[in-house]
Peer 1: 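Before I ask anything, let me first share the structure, which is written out below as structure tokens.
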Protein chains: 2
Amino acid sequence: MSRDTLPRPTDAELGILRVLWDRGASTVREVHETLRDGSGYTTVLKTMQIMTEKGLVMRDESQRAHVYTARVPRENTQRQLVTDLVDRVFGGSPARLALQALSTKKTSPEELAELRQLLESLEKEAES
Amino acid sequence: MSRDTLPRPTDAELGILRVLWDRGASTVREVHETLRDGSGYTTVLKTMQIMTEKGLVMRDESQRAHVYTARVPRENTQRQLVTDLVDRVFGGSPARLALQALSTKKTSPEELAELRQLLESLEKEAES
DNA sequence: TGTGGACTACGAAGACCTTCGTTGACACCT
DNA sequence: AGGTGTCAACGAAGGTCTTCGTAGTCCACA
């Protein structure tokens, strides 16, 4: 199943994608072992097969144990989910989401510095 | 169906909640008319009935046309969805989500000012 | 009285998601 | 050759979500 725009990954699919993003190319067994949720081996297998059909992952079948790779970069998916959420519950305002996100938990000084940097570049941009 | 913690609203439910948050208490007809997606009247009705069972909305049946009200405040749902997303795709770092959100689209000067204010209070907090 | 409009309630269909049991292939070891 | 372990493939079940048709109720009005 090839599409022009990839579907929003489901929860289970997201779990698997995360493993693939972190580990890189992996077999079903590796994903299943990394992903220590309750789900059985065949469940993970089946989901990964479906993800292949959807175009979310690629499969290398040259080995007996097929090797899967994420076909969508982590960043893209993050962006997709963020804009999705922004549109659906924050009236299209990313800043609203950012404010909400930041006010929930505490943030490390490094991240604060990054934020400040981004903020300042945005401010500079707004001036012009 | 009463629960301790409310379920994550589905897409259709979120659309209805948005109408209720914006309009306040509304009948099915009003929601259906505001919500100009393709869905039929009975679809919206059914969904709102289910939402009542789930505890997402309250229903006042004293009138012939029942009047529905959101039972979850917009802020709570926003927080719920944000922390959800943070946990599932941003490794638990709200700042990462904020950075992603802000780098996607441009932000108004007013929102930038708000962000700066929040950022500075966070920085102050981090110092101590 | 009876006809039409506005409403709720009900049920069921179809899609998708998640789950897992079972089967068959393959390879290795005894 | 037989047994064991690992793997993909398949199919089906059970759940949830979304959709809508249909039926019943109530009321207003001709």
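Within every chain, numbering begins at 1; the chains are lettered A, B, ... in the order of the sequence lines, protein sequences first and strands thereafter.
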Peer 1: For A:His32 and D:dT6, what is the distance between atoms NE2 and P respectively, to the nearest whole Å?
Peer 2: 13 Å

Peer 1: Taking everything shown except A:Arg71 itself, do over 12 heavy atoms lie less than 6.0 Å from its CZ?
Peer 2: no

Peer 1: Between D:dA9 and A:Arg59, is there an OP1 or OP2 to side-chain N/O distance shorter than 4.0 Å?
Peer 2: yes

Peer 1: Compare the minimum distances between each of C:dC17, C:dA9, D:dT18 and the side chain of B:His66, then state the nucleotide with the smallest one.
Peer 2: C:dA9

Peer 1: Got a donor-acceptor pair under 3.5 Å from the side chain of B:Arg64 to the base of C:dA6?
Peer 2: yes

Peer 1: Between A:Thr43 and C:dC20, does any side-chain N or O lie under 4.0 Å from OP1 or OP2?
Peer 2: yes

Peer 1: Checking contacts here: which listed nucleotide (D:dC7, D:dC17, C:dA9) is nearest the side-chain heavy atoms of B:Thr42?
Peer 2: C:dA9

Peer 1: Is the number of heavy atoms from other residues, nucleotides or ligands within 6.0 Å of CD (B:Glu61) greater than 12?
Peer 2: yes

Peer 1: Starting at atom CD of B:Glu53, determine the distance to atom C1' of C:dT8, rounded to an integer number of angstrom.
Peer 2: 13 Å

Peer 1: What is the distance, rounded to the nearest whole Å, between atom CD1 of A:Ile50 and atom P of C:dT18?
Peer 2: 8 Å

Peer 1: Roughly how many Å is it from CD in A:Glu30 to P in D:dA8, rounded to a whole number?
Peer 2: 11 Å

Peer 1: Could you tell me how far apart A:Gln63 (CD) and C:dA25 (P) are, to the nearest whole angstrom?
Peer 2: 21 Å

Peer 1: With nearest nucleotide decided by heavy atoms, which residue, A:Lys46 or B:Tyr68, maps closer to the 5′ end of DNA chain C?
Peer 2: B:Tyr68

Peer 1: In terms of side-chain heavy atoms of B:Ser39, which of D:dT18, D:dC20, C:dT18 is nearest?
Peer 2: D:dC20

Peer 1: Please state how far atom CE in A:Met48 lies from atom C1' in D:dC7, giving the value in whole angstrom units.
Peer 2: 13 Å

Peer 1: Should A:Tyr41 be listed as having a side-chain N or O under 4.0 Å from OP1 or OP2 of D:dA8?
Peer 2: yes

Peer 1: A:Gln49 side chain N/O closer than 4.0 Å to the phosphate oxygens (OP1, OP2) of D:dA9?
Peer 2: yes

Peer 1: Step by step, would you call B:His66 with B:Val28 a side chain to side chain contact (heavy atoms under 4.5 Å, CB included)?
Peer 2: CA-CA 7 Å; B:His66 298 176; B:Val28 174; over 6 Å; no

Peer 1: At under 4.0 Å between heavy atoms, what does B:Glu61 touch on the DNA or RNA strands: base, sugar-phosphate, or nothing?
Peer 2: nothing

Peer 1: When you measure from the side chain of A:Glu30 to the backbone of A:Thr27, do you find a donor-acceptor pair of N or O atoms at a distance under 3.5 Å?
Peer 2: yes

Peer 1: If I take atom CE in residue A:Met51 and atom P in nucleotide D:dA8, what distance separates them, rounded to the nearest angstrom?
Peer 2: 15 Å

Peer 1: Can you see which heavy atom on A:Gly24 is nearest to which on A:Ser26, and at what distance?
Peer 2: O-OG, 2.6 Å

Peer 1: Measure CZ/B:Arg29 against P/C:dG5 and give the value in whole Å, please.
Peer 2: 13 Å

Peer 1: I want to verify a distance call: between C:dT19, C:dC17, D:dC7, whose nearest atom is closest to the A:Thr47 side chain?
Peer 2: C:dT19

